[in-house]
Number of protein chains: 2
Amino acid sequence: MNLKQLQFVIHVAETCSFSRAAELSFATQPTLSNSISQLEDELGGRLFKRTTRSVELTPFGEAMLPRIKETLHSRDELLQAAHAFHNPVH
Amino acid sequence: MNLKQLQFVIHVAETCSFSRAAELSFATQPTLSNSISQLEDELGGRLFKRTTRSVELTPFGEAMLPRIKETLHSRDELLQAAHAFHNPVH
DNA sequence: CAATGTTACGATACACGTAATCATA
DNA sequence: TATGATTACGTGTATCGTAACATTG
C-alpha cells in the first residue's frame with residue numbers, strides 16, 4: 001500500500017471512470033488499473049464494481065473511502081506543516 | 001514522500017540510532033540513511049541532528065513527528081478497517 | 001581509534017507505458 | 001460495435017544492499 005494508490009482511488013471515486021481518473025493522475029489507464037488492483041488485493045476485496053460503461057464504489061469501497069481520505073489528509077497536513085515551519089507567518 | 005520513509009523516521013526517533021532503526025525496519029543502515037535524507041530534502045530541512053555517537057530530533061523533527069505519527073496511524077486504521085470488514089465481529 | 005552515519009556504485013526488482021485483448025451497454 | 005477496463009510484456013528508473021569512506025566522541 002502506498003499513498004499514490006490511495007490518491008488513485010480518490011480520483012476514480014470522484015470521476016466514476018478509470019480513464020478520467022488516469023488523466024487526473026497524470027498516468028495511463030493500465031497503470032492506474034494495475035495499481036488499484038494491487039491495492040484491492042492487499043485490502044482483501046474490490047473497491048469498485050466495474051462494467052465497461054460505469055464504475056461505482058462497492059460497499060467495501062464506500063467503507064474504505066473515508067479512511068483513505070483521512071490518510072491523504074494527514075499527509076497533506078504534514079506537508080503543509082513542513083512548509084509553514086520554514087515560512088512562518090510573521 | 002512515502003509511508004516507508006515515515007516509518008523509518010519513527011524508528012529512528014524511538015531508538016535515537018540509525019543502525020538500530022535499520023534493524024527494526026528490516027533494512028540496512030545505508031538504505032535507511034538515504035531514505036531519510038530524501039525525505040528531509042522533500043520536507044525542506046533536517047529532521048535529525050547526527051553525530052557519530054548520538055542522533056536526536058531537531059526542532060523541525062519535533063514539529064513533524066506528531067504529523068508523521070498521525071499519518072501512519074490513519075494508514076493503520078485503514079488496514080484494520082479493511083480487515084474488520086471481511087472478518088466482522090458476530 | 002572504535003562506533004556510527006554517509007557516499008559510491010552495481011544489481012535487482014518494480015513501476016510505468018505501449019500494444020493487444022476482453023467485456024458490455 | 002464502440003467505449004472503456006484488463007492483460008501481456010518490454011524498458012527504464014528507483015530501490016536496495018555491499019563495500020569503501022568520513023566523522024566524531
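Everything quoted here is computed from the prediction, not taken from an experiment.
Residue pairs that meet the salt bridge (Lys or Arg N to Asp or Glu O under 4.0 Å) test with at least one member in residues 76-90 of chain A, sequence neighbours left out, are A:E77-B:R67. For residues 8-26 of chain A, there are no salt bridge (Lys or Arg N to Asp or Glu O under 4.0 Å) pairs, not counting sequence neighbours. The ring-ring contact (aromatic ring centres under 6.0 Å, His included) contacts involving residues 21-50 of chain B comprise nothing, where partners must be two or more places apart or lie in separate chains.
Once rounded to the nearest 0.5 Å, the distance linking CG of A:L78 with CE of B:M1 reads 4.5 Å. Between the CG atom in B:D41 and the CD atom in B:Q38 there is a gap of 7.5 Å [rounded to 0.5 Å].
The side-chain hydrogen bond (donor to acceptor under 3.5 Å, both in side chains) search around B:S19 returns B:S17, not counting sequence neighbours. For B:E40, the salt bridge (charged side-chain N to carboxylate O under 4.0 Å, His left out) test picks out B:R46, B:R50, with sequence neighbours left out. Every residue meeting the side-chain hydrogen bond (donor to acceptor under 3.5 Å, both in side chains) condition with B:T31, not counting sequence neighbours, appears here in chain and number order: B:T28. Judged as a salt bridge (charged side-chain N to carboxylate O under 4.0 Å, His left out), and not counting sequence neighbours, the contacts of A:E56 are A:K49. Qualifying ring-ring contact (aromatic ring centres under 6.0 Å, His included) partners for B:F60, counting only residues two or more places apart in sequence or in other chains: A:F85, A:H86.
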Can you name the atoms? Protein N/O to nucleotides 8-16 of chain D N/O, anything below 3.5 Å, with the distance.
| unit_1 | atom_1 | unit_2 | atom_2 | d |
| --- | --- | --- | --- | --- |
| D:dC16 | OP1 | B:K4 | NZ | 2.8 |

Would you tabulate the pairs of protein nitrogen or oxygen atoms and nucleotide nitrogen or oxygen atoms of nucleotides 2-5 of chain D closer than 3.5 angstrom?
| unit_1 | atom_1 | unit_2 | atom_2 | d |
| --- | --- | --- | --- | --- |
| D:dG4 | O4' | A:T52 | O | 3.1 |
| D:dA5 | OP1 | A:F18 | N | 2.7 |
| D:dA5 | OP2 | A:S19 | N | 3.0 |
| D:dA5 | OP2 | A:S19 | OG | 3.3 |
| D:dA5 | OP2 | A:Q29 | NE2 | 2.1 |
| D:dA5 | N7 | A:Q29 | OE1 | 3.1 |

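Once you apply a 4.0 Å limit to the heavy atoms of chain B, the touched nucleotides of DNA chain C run 5' to 3' over C:dA2 to C:dT7.
Here the side chains of A:L72 and A:K69 are not in contact, with every heavy-atom distance at 4.5 Å or above.
Here the shortest heavy-atom pairing between A:S74 and B:E70 reads OG-OE2, 3.6 Å.
End-to-end axis angle for the helix from C:dC1-D:dG25 to C:dA25-D:dT1, using five pairs per end and rounding to 10°, comes out at 40°.
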